[in-house]
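First listed ligand is number 1; within each ligand, the first listed atom is number 1. As the structure is a prediction and not an experimental result, all values here were calculated from the model.
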Amino acid sequence: MQNAINKVVIAGGGTAGWMTAALMKKILGQQVQIELVESEDIGIVGVGEATIPPIQTFNQVLGIDEKEFLRETNGTIKLAIKFENWRVDGESYFHTFGAPGANMGFCNFQHYWLRAIREGHRASLWDYDLNYLCCLEESFNKVNSQNPMFDMPYAYHFDSALYGRYLRKLAEQSGVVRTEGIIEHIQQDSENGYITGLQLKNGAQVQGDLFVDCTGIRALLLQKTLDIEYVDWSKWLPADSALAVQTERFEKTLPYTRSIAHKVGWQWRIPLTHRNGNGIVYSSRYTNDENAERILLSNLESEPVNDVKKVSFKTGRTVKQWDKNVIAVGLSSGFLEPLESTSIHLIQSAVVRLLKLFPQNGITQSVIDLYNQESEVEYETIRDFIVLHYHVNQRNDSDFWIDMRNMDIPDRLRNKIEVFSSVGNMFNDQHDIFRDASWLQVMLGQGIQPKDYHPAANVPTSEQLRETLNRVFEAKRQPLSKMLPHDEFLKRYLSS
Ligand SMILES: Cc1cc2nc3c(=O)[nH]c(=O)nc-3n(C[C@H](O)[C@H](O)[C@H](O)COP(=O)(O)OP(=O)(O)OC[C@H]3O[C@@H](n4cnc5c(N)ncnc54)[C@H](O)[C@@H]3O)c2cc1C
């Protein structure tokens, strides 16, 4: 057991570093000193613009005003991701943050819908999802209602560099100390190997009791110094490269991210208020940078405003995220491609987990183990969710898609697919951030049709079933009259 934690040092000031600093200071107040070291010469990875709904809670805990946040980060509303060409070329589906249908008691709405489909019902499952309906209309508004039928969970698209800057301002105002400088050497206790300080190139030394490694893909503390191994998941997720480019803003700001599959990878389009983020993710095993760049640039909807930037990565995670007195948060802890916008969320949940287990009076192995077990499951369930999109494809236009379909997938994912294919059900892992509605939409969207549904769905007569579905169908449309085109919403909301 180590001594009490009086000072936390955060190495790195990208999204991970400043999210960690801001939340830690907010929760722990003056009990712990926090110092963040970053280097403007090294800079940040500077991509990562799409999020998932829990970011709202993160901002709320920090006391951030939503309007100010959207203004400061050129942010927009995100209701879903539209997956285009993923099953076959020319088809698309949405993974929305909503939940199709309504609470039906013992068994989920999809079972009733599956029975109705067998009886000739025409509506798709998404026809019962308010998020989807708003995506189709490219609209949004805040629905003030206690009716769970009108729930419309949303996240944001934002400029991550501006978000980092905004969080830095909040963190510094609340007492976080920022130190500029390049970390050149990491000092360790000669007996137990715990990190004791960072030696900067400018001669300064930064000492602390607990160190959070937010140094991005350099992973200076956990991987480079403590030598923690990296588990390589590229056999399931072979993409190892991304090209990113920003373009002028489109005429209309969509309230969703677009993920467009191409012959050798996929492309993202993220709408912000001042510009759009675009990029392509691909594997160097299947194509080269020139070809990927050609595909990216020929599929932009507006003119580039900067040069194409390449980022290389290896999909996977560190065997442990916490070792001795070092916790890796952000890209230093692992990398999962941005298909489901999960990296910023992984930062959030890592910091929340660390704060829940905060070892104020000294680090114990049981706390480290608990932290590591939870983060392992969380990482693996996200990995499986991403693999699902690739694996269940019916594209035949390249070795890439054929290999992804034929690969041997992780057991947990295979079980999930088998359960859904046979009885239309999902089972959740406790630390899976994606709940039933997400798995359901991606499984159906990728073309998995369950053979059966739950027998409880046979209890209503056909007439009763039709009436129930019609009632939900109508109810989901009621809020639509209050929606505004997304740009109009942003204009009115941000000027109010
Ligand atoms: C192509 C791509 C697209 C992505 N899209 C999304 C997305 O849509 N949604 C999402 O949630 N996530 C996305 N991500 C992930 C997201 O970008 C990262 O999770 C996020 O930016 C956090 O990065 P970071 O803070 O860990 O690392 P970085 O931003 O790289 O920050 C590292 C910090 O460490 C500092 N540093 C490093 N070495 C030293 C040193 N020797 N001395 C001093 N300081 C040092 C740097 O200066 C910097 O401040 C994407 C990632 C990629 C690659």
Checklist entry - Any chance CZ of Arg285 has more than 12 other-residue heavy atoms, nucleotides or ligands included, within less than 6.0 Å? => result yes
Checklist entry - Who gets closest to atom 43 (C) of ligand 1 by heavy atom: Gly181, Ala161, Ser241? => result Gly181
Item to check | Nearest non-hydrogen protein atom, atom 33 (C) of ligand 1 | outcome: Cys214 O, 3.4 Å
Item to check | Min side-chain heavy-atom separation Met426-Leu440 under 4.5 Å | outcome: yes
Next on the checklist: Counting only nitrogen or oxygen atoms and a 3.5 angstrom limit, does Trp268 reach ligand 1?
Outcome noted: no
Checklist entry - Counting heavy atoms only, which of Leu198, Ile42, Leu346, Val311 is nearest atom 39 (C) of ligand 1? => result Ile42
Next on the checklist: I'd like to know if Glu301 and Arg258 make a salt bridge, using a cut-off of under 4.0 Å between side-chain N and carboxylate O.
Outcome noted: yes
Item to check | N/O separation below 3.5 Å, Ala16 to ligand 1 | outcome: yes
Item to check | From CA spacing to verdict: ring pair (Phe, Tyr, Trp, His ring centres under 6.0 Å), Tyr282, Phe400 | outcome: CA-CA 10 Å; Tyr282 56 98; Phe400 173 70; 9.9 Å; no
Next on the checklist: Which residue and atom name correspond to the protein heavy atom nearest atom 19 (O) of ligand 1, and how close is it?
Outcome noted: Ser343 CB, 3.2 Å
Checklist outcome for this item: Contacts of Asp432 meeting side-chain contact (heavy atoms from CB on, under 4.5 Å) (sequence neighbours excluded), chain-then-number -> Thr381, Lys416, Asn428, Asp429, Phe434, Arg435, Trp439
Checklist entry - For ligand 1, which atoms, with element, lie under 4.0 Å from some heavy atom of Ala242? => result 1 (C)
Checklist outcome for this item: Within 4.0 Å of some non-hydrogen atom of Thr215, the atoms of ligand 1 are 32 (C), 34 (O), 37 (C)
Checklist outcome for this item: For Leu220, the atoms of ligand 1 under 4.0 Å from one of its heavy atoms are 38 (N), 39 (C), 40 (C), 41 (N)
Checklist entry - Taking both backbone and side-chain atoms of Phe335, is any N or O found less than 3.5 Å from an N or O belonging to ligand 1? => result no
Checklist entry - Of the listed options (Gly216, Gly330, Gly164), which comes nearest to atom 27 (O) of ligand 1 when hydrogens are ignored and any heavy atom counts? => result Gly216
Checklist entry - Quick one: which of Ile186, Val8, Asn325 gives a side chain to side chain contact (heavy atoms under 4.5 Å, CB included) with Phe211? => result Asn325
Item to check | Atoms of ligand 1, numbered as shown, that sit under 4.0 Å from any heavy atom of Arg218 | outcome: 37 (C), 38 (N)
Item to check | Shortest protein heavy-atom distance from atom 26 (O) of ligand 1, along with the residue and atom involved | outcome: Leu331 N, 2.9 Å
Checklist entry - Counting only heavy atoms, which portion of Glu49 has something under 4.0 Å from ligand 1: side chain, backbone, both, or neither? => result backbone
Checklist entry - What part of Ala11 sits under 4.0 Å from ligand 1 if we count only heavy atoms: the side chain, the backbone, both or neither? => result neither
Next on the checklist: Which residue is it: Thr225, Thr196, Ile195, Leu198? I am looking for the one with a side chain to side chain contact (heavy atoms under 4.5 Å, CB included) to Gln187.
Outcome noted: Thr196
Checklist entry - Is it true that Arg395 and Asp397 have a side-chain N and a carboxylate O under 4.0 angstrom from each other? => result yes
Checklist entry - Is it true that Arg168 and Glu72 make a salt bridge, defined as a side-chain N closer than 4.0 Å to a carboxylate O? => result no
Checklist entry - Are more than 12 heavy atoms from other residues, nucleotides or ligands located less than 6.0 Å from atom NZ of Lys26? => result no
Checklist entry - In the protein, which heavy atom is nearest to atom 42 (N) of ligand 1, and how far is it? => result Ile183 N, 2.8 Å
Item to check | Gap between atom OG1 of Thr73 and atom OH of Tyr166 - 0.5 Å precision | outcome: 8.5 Å
Item to check | Identity and distance of the protein heavy atom lying nearest atom 6 (C) of ligand 1 | outcome: Gly48 CA, 3.1 Å
Next on the checklist: Among Trp268, Trp266, Trp86, which residue satisfies the side chain to side chain donor-acceptor pair (under 3.5 Å) criterion with Ser259?
Outcome noted: Trp86
Next on the checklist: Any salt bridge linking Glu84 with Arg269? Criterion: basic side-chain nitrogen under 4.0 Å from a carboxylate oxygen.
Outcome noted: no
Item to check | Winner among Gly14, Gly334, Ser332, Gly43 once heavy atoms are compared against atom 47 (O) of ligand 1 | outcome: Gly43
Item to check | Contact with ligand 1 for Ile347, non-hydrogen, under 4.0 angstrom | outcome: yes
Checklist entry - Side chain or backbone of Ser39 under 4.0 Å from ligand 1, or both, or neither, by non-hydrogen atoms? => result both
Checklist outcome for this item: Interatomic distance, NZ@Lys324 vs CD1@Ile228, rounded to 0.5 Å, equals 7.5 Å
Checklist entry - Within the structure, does Ala50 bring an N/O atom to less than 3.5 angstrom of an N/O atom in ligand 1? => result yes
Checklist entry - Within the structure, does Val47 bring an N/O atom to less than 3.5 angstrom of an N/O atom in ligand 1? => result yes
Checklist entry - Got the closest protein heavy atom to atom 35 (C) of ligand 1, with its distance? => result Gly12 CA, 3.7 Å
Checklist entry - Is the shortest N/O to N/O distance between Ile344 and ligand 1 below 3.5 Å? => result yes
Checklist entry - Would you find more than 12 non-hydrogen atoms of other residues, nucleotides or ligands less than 6.0 Å from Lys201 atom NZ? => result no
Next on the checklist: Please report whether ligand 1 has a polar contact with Val45, defined as an N or O pair separated by less than 3.5 Å (distance criterion only).
Outcome noted: yes
Item to check | 4.0 Å heavy-atom contact, Ser160 with ligand 1 | outcome: no
Checklist entry - If you measure every N/O of Gly13 against every N/O of ligand 1, is any gap under 3.5 Å? => result yes
Item to check | Candidates Glu66, Glu49, Gln56 - the one meeting side chain to side chain donor-acceptor pair (under 3.5 Å) with Tyr156 | outcome: Glu66
Item to check | Sub-4.0 Å heavy-atom approach of Ala244 to ligand 1 | outcome: no
Next on the checklist: Out of all atoms in ligand 1, which are within 4.0 Å of some heavy atom of Ser341? Include the element for each.
Outcome noted: 9 (N), 11 (O)
Item to check | Nearest non-hydrogen protein atom, atom 3 (C) of ligand 1 | outcome: Pro338 CG, 3.5 Å
Checklist entry - Which class fits the ring pair Trp126 and Tyr132: parallel under 30°, tilted 30 to 60°, perpendicular over 60°? => result tilted
